[in-house]
There are 2 protein chains.
Amino acid sequence: MKPVNVGICGLGTVGSGTFNVLNRNNATIDRRTGREVRITHVGARRDHPDCDLSGVRVSRDIFDVVRDPDVHIVVELIGGTDTALELVLAAIAEGKHVVTANKALIAQHGNEIFKAAEDKGVTVAFEASVAGGIPIIKALREGLVANEIDWLAGIINGTGNFILTEMQQKGRLFDDVLKEAQELGYAEADPTFDVEGIDAAHKLTILASIAYGVPLQFESVYTEGISLVTPEDVRYAEELGYRIKHLGIARRGTEGVEMRVHPTLVPESRLLANVNGVLNAVLVHGDAVGSTLYYGPGAGAEATASSVIADIVDVAREVDSRHAVPHLGNHTWAEGLDVVPMASVETSYYLRMQVTDEVGVMARIANILSDSGINIEAIIQKEPEPGDDTVPLILLTQRVLEREMNAAIDELEGQTAVIGKVTRIRVEQLGGE
Amino acid sequence: MKPVNVGICGLGTVGSGTFNVLNRNNATIDRRTGREVRITHVGARRDHPDCDLSGVRVSRDIFDVVRDPDVHIVVELIGGTDTALELVLAAIAEGKHVVTANKALIAQHGNEIFKAAEDKGVTVAFEASVAGGIPIIKALREGLVANEIDWLAGIINGTGNFILTEMQQKGRLFDDVLKEAQELGYAEADPTFDVEGIDAAHKLTILASIAYGVPLQFESVYTEGISLVTPEDVRYAEELGYRIKHLGIARRGTEGVEMRVHPTLVPESRLLANVNGVLNAVLVHGDAVGSTLYYGPGAGAEATASSVIADIVDVAREVDSRHAVPHLGNHTWAEGLDVVPMASVETSYYLRMQVTDEVGVMARIANILSDSGINIEAIIQKEPEPGDDTVPLILLTQRVLEREMNAAIDELEGQTAVIGKVTRIRVEQLGGE
């Protein structure tokens with residue numbers, strides 16, 4: 001068979017990793033693909049010091065790659081959503097297959113992109129957009145195809161997990177760890193996407209669409225970051241037998257599909273609670289298979305390249321052939337499956353509040369919760385520090401609707417005995433159904 | 001598109017699970033496949049109480065399914081290797097695609113079966129043959145296609161892992177737990193395949209072939225069971241910071257490919273050390289991606305059915321189309337890649353021996369090891385029990401060739417100060433390269 005010609009747009013971290021892995025493991029990849037896969041064209045504003053571009057056509061205008069009639073597969077690794085969208089749509093219009101690692105692009109513009117690709121009979125592959133080197137799109141879309149997905153929960157942002165791990169293992173402060181993560185290059189100069197959960201929400205959008213056969217709906221994801229998690233919360237959670245993880249959760253209930261990203265207490269015995277540092281993991285619960293977990297590096301040049309190249313090989317099998325697996329795993333959408341508003345989501349809660357150290361305060365708080373139909377599972381009440389007349393009160397509740405908890409928290413915060421805001425972190429058992 | 005007709009041969013645990021999941025999740029599976037997937041023919045010696053076979057053709061002769069001109073995909077779930085081989089070859093000869101969960105069949109006869117399938121232009125899919133519901137074949141063959149696989153290590157026999165977990169968590173005896181496993185239905189009446197590592201060796205054969213592009217070579221797997229692991233070993237391992245797991249390991253070294261199944265000390269902090277009970281997990285280290293782990297149920301009716309149906313859907317996409325992914329992931333074999341004999345494999349070792357409680361014994365043993373070029377990493381020496389003049393001596397060594405360790409153990413066992421046999425369990429760090 002004729003060689004498959006790959007054009008790479010963008011020669012940053014992932015671009016250079018892809019270039020180097022594809023060249024280094026060339027013989028093995030060709031043997032597995034059954035035809036030669038070669039990079040013939042690179043579009044990048046500048047060369048990369050780690051890449052030997054000799055023998056490859058190099059363009060400073062990435063759109064030259066799209067227009068190159070010899071290129072079969074355009075690999076979009078420039079990031080961002082504006083030029084990237086233009087580039088991908090132009091490649092599709094040229095009848096080329098596309099591989100991308102761009103989660104923001106797929107989460108926000110995937111519906112439009114996949115429509116264009118299907119109209120044109122080409123494939124857009126995006127394994128690297130979720131959880132870096134872990135083949136989670138393939139596992140969910142093909143490996144678990146037999147299952148109704150009850151729920152999935154993932155640690156899908158390495159920076160956030162690094163920060164929470166450092167806070168837990170070393171008792172460090174959020175700001176302090178974030179600064180180190182930025183120095184180590186894990187976190188961007190503007191860390192908002194990572195620590196406020198937007199990056200995780202992009203990835204969850206994609207996973208939820210595949211799991212439930214619903215269109216990509218980034219704007220419907222409930223998103224809460226980790227910047228308000230304190231070392232005290234981490235410590236109290238540990239006393240209660242939990243770890244705090246920043247999870248992306250999709251769950252199918254009677255009312256529809258929940259999509260939410262927030263700090264979550266996870267029982268310490270779960271594998272997911274033991275995924276540390278910059279690593280990622282996704283736990284998927286299907287009705288037939290039960291729980292399966294996928295773990296590995298969620299970022300990094302060569303780890304991400306591993307997924308980009310897996311997509312290139314998948315797509316190479318379709319060059320001169322036909323498109324096999326639908327983009328989001330479903331040929332038609334599931335019917336009548338709405339996204340559940342956060343107010344209608346039910347979880348358990350960890351609550352922490354500072355209360356005055358007087359008789360009857362605990363009873364009053366217990367009454368407010370009980371009147372809202374909220375049952376208390378566990379309580380930690382500490383002795384006051386010398387000279388302090390307030391004490392921290394920590395509660396673990398049973399499952400209750402978010403809207404009822406919101407109302408109860410409003411009422412708690414209205415009490416003179418409760419000082420300041422109530423900290424609320426959701427709890428997930430991640431077992432069984 | 002025309003419906004895809006599936007014929008199921010064998011209606012035992014996995015057969016009935018496949019029948020029921022495919023019917024229960026029919027609408028979703030069709031939506032994902034893009035065409036109707038339906039079971040039209042079941043071949044089984046008897047009906048199954050959990051399966052409603054109305055509307056389905058039922059044959060008592062499984063070969064009727066193979067001969068049914070309307071069946072596109074034959075699903076072999078009868079187990080064993082004699083009739084199963086005959087059935088699969090007959091199906092291929094009829095030009096039908098085959099799906100099987102039969103690890104022994106693939107490990108022992110896969111080379112012949114895949115050759116016949118390729119000659120005939122059909123696909124034989126076997127995801128369910130390794131690690132039940134975990135899509136590990138797909139992850140390794142497609143998801144990690146970009147990687148040279150440095151090594152992989154898996155807990156791929158649930159019964160063995162259940163026994164070791166019970167021994168570790170409850171200090172129970174091997175025989176005692178095995179009996180319970182048989183009562184619970186985890187272990188067969190003849191537990192040899194599970195506890196002596198044959199089942200794991202079948203699965204490792206398949207994983208190694210895909211990882212390294214070498215033919216299936218079941219007869220070359222070094223296989224050691226768990227029946228000699230004692231509660232003392234489990235406890236001493238724990239004192240040293242390790243857990244004992246029964247691993248299947250494939251590793252590429254300078255001399256070729258290692259394939260081995262044996263009890264292994266794994267650092268307790270590794271996720272793999274925390275995979276408990278009947279669960280399975282496979283850790284794969286690729287040169288680009290680093291370490292990724294795949295975890296889930298390795299057996300069970302519906303968990304295994306999840307993988308069987310994933311294969312059915314993959315193959316259904318090829319009905320009236322062309323074969324995409326090569327059976328063992330490689331279109332041609334890797335060149336010059338031999339299986340390394342166990343004597344040439346290098347690991348660290350845990351050694352336990354009973355020695356006489358006299359001055360100079362420790363020095364003599366240390367000298368024997370040192371003369372063989374074996375360095376000691378850690379020692380546990382216990383006080384003798386009252387009235388006993390021998391003590392257990394536990395050593396953790398640095399890495400050394402198996403053949404050198406064999407010689408050293410021979411010499412140790414020749415010492416009058418060493419009572420009986422030396423227990424030897426290999427140690428793997430499972431980190432980095």
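Heavy-atom basis, side chains included; hydrogens, waters and symmetry copies ignored. Naming convention: chains lettered A, B, ... in sequence-line order (proteins, then strands); numbering from 1 in each chain.
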#### Entry: Max heavy-atom pair count under 4.5 Å with chain A, selected residue of B/Leu279, B/Thr28, B/Asn280
B/Thr28
## Note on the structure
Hits for ring-ring contact (aromatic ring centres under 6.0 Å, His included) against B/Phe126, two or more places apart or cross-chain, chain-then-number order -> B/Phe114
#### Entry: Most chain B-contacting option - heavy-atom pairs closer than 4.5 Å, from A/Val275, A/Asn147, A/Val284, A/Val313
A/Asn147
### Task
Name the region of B/Asn276, side chain, backbone, both or neither, that has any atom closer than 4.5 Å to a heavy atom of chain A.
neither
### Query
Just wondering, do B/Tyr295 and A/Tyr295 contact through their side chains at under 4.5 Å, heavy atoms?
no
### Task
Specify which of B/Val145, B/Leu283, B/Val308, B/Leu328 makes the most heavy-atom pairs with chain A at under 4.5 Å.
B/Val145
### Query
Side chain, backbone, both or neither: which part of B/Glu142 has an atom under 4.5 Å from a heavy atom of chain A?
both
### Query
So which part of B/Asn274 gets closer than 4.5 Å to some heavy atom of chain A, the side chain, the backbone, both or neither?
both
### Message
Just so I know, are the side chains of B/Ser307 and A/Val289 near enough to count as touching, which here means a heavy-atom distance under 4.5 Å?
### Response
no
## Note on the structure
What one should report as the nearest heavy-atom pair of A/Thr292 and B/Gly133 is CG2-O, 4.2 Å
### Message
Can you list everything that forms a salt bridge (charged side-chain N to carboxylate O under 4.0 Å, His left out) with A/Lys245? Sequence neighbours excluded, please.
### Response
none
### Message
Only heavy atoms, only distances under 4.5 angstrom. Which residues in residues 299-306 of chain A are near chain B?
### Response
A/Glu302, A/Ala303, A/Ser306
### Task
Find the distance between CD (B/Glu148) and CD1 (A/Ile29) and round it off to the nearest 0.5 Å.
8.0 Å
### Message
Heavy-atom pairs under 4.5 Å with chain A - which of B/Leu144, B/Ile309, B/Asp287, B/Ile136 has more of them than the others?
### Response
B/Asp287
### Query
Do you know which of B/Asp30, B/Leu271, B/Asp314 has the most heavy-atom pairs with chain A at a distance under 4.5 angstrom?
B/Leu271
### Task
Side-chain contact test, heavy atoms from C-beta onward, threshold under 4.5 Å: evaluate it for A/Arg32 versus B/His331 and give yes or no.
no
### Message
Within the structure provided, determine whether A/Pro326 and B/Arg31 are in side-chain contact (heavy-atom separation under 4.5 Å).
### Response
no
### Query
When heavy-atom pairs shorter than 4.5 Å are enumerated against chain B, which of A/Ala288, A/Ala27, A/Ala310, A/Gly143 gives the highest number?
A/Ala288
#### Entry: Members of residues 16-26 of chain A whose heavy atoms come closer than 4.5 Å to chain B
A/Val21, A/Arg24, A/Asn25
### Query
So which of B/Ser269, B/Gly296, B/Ala334, B/Gly290 has the largest heavy-atom pair count under 4.5 angstrom toward chain A?
B/Ala334
## Note on the structure
Heavy atoms of A/Pro297 and B/Ser291 approach each other most closely as CD-O, 3.3 Å
### Task
Specify which of B/Lys138, B/Arg141, B/Glu127 makes the most heavy-atom pairs with chain A at under 4.5 Å.
B/Lys138
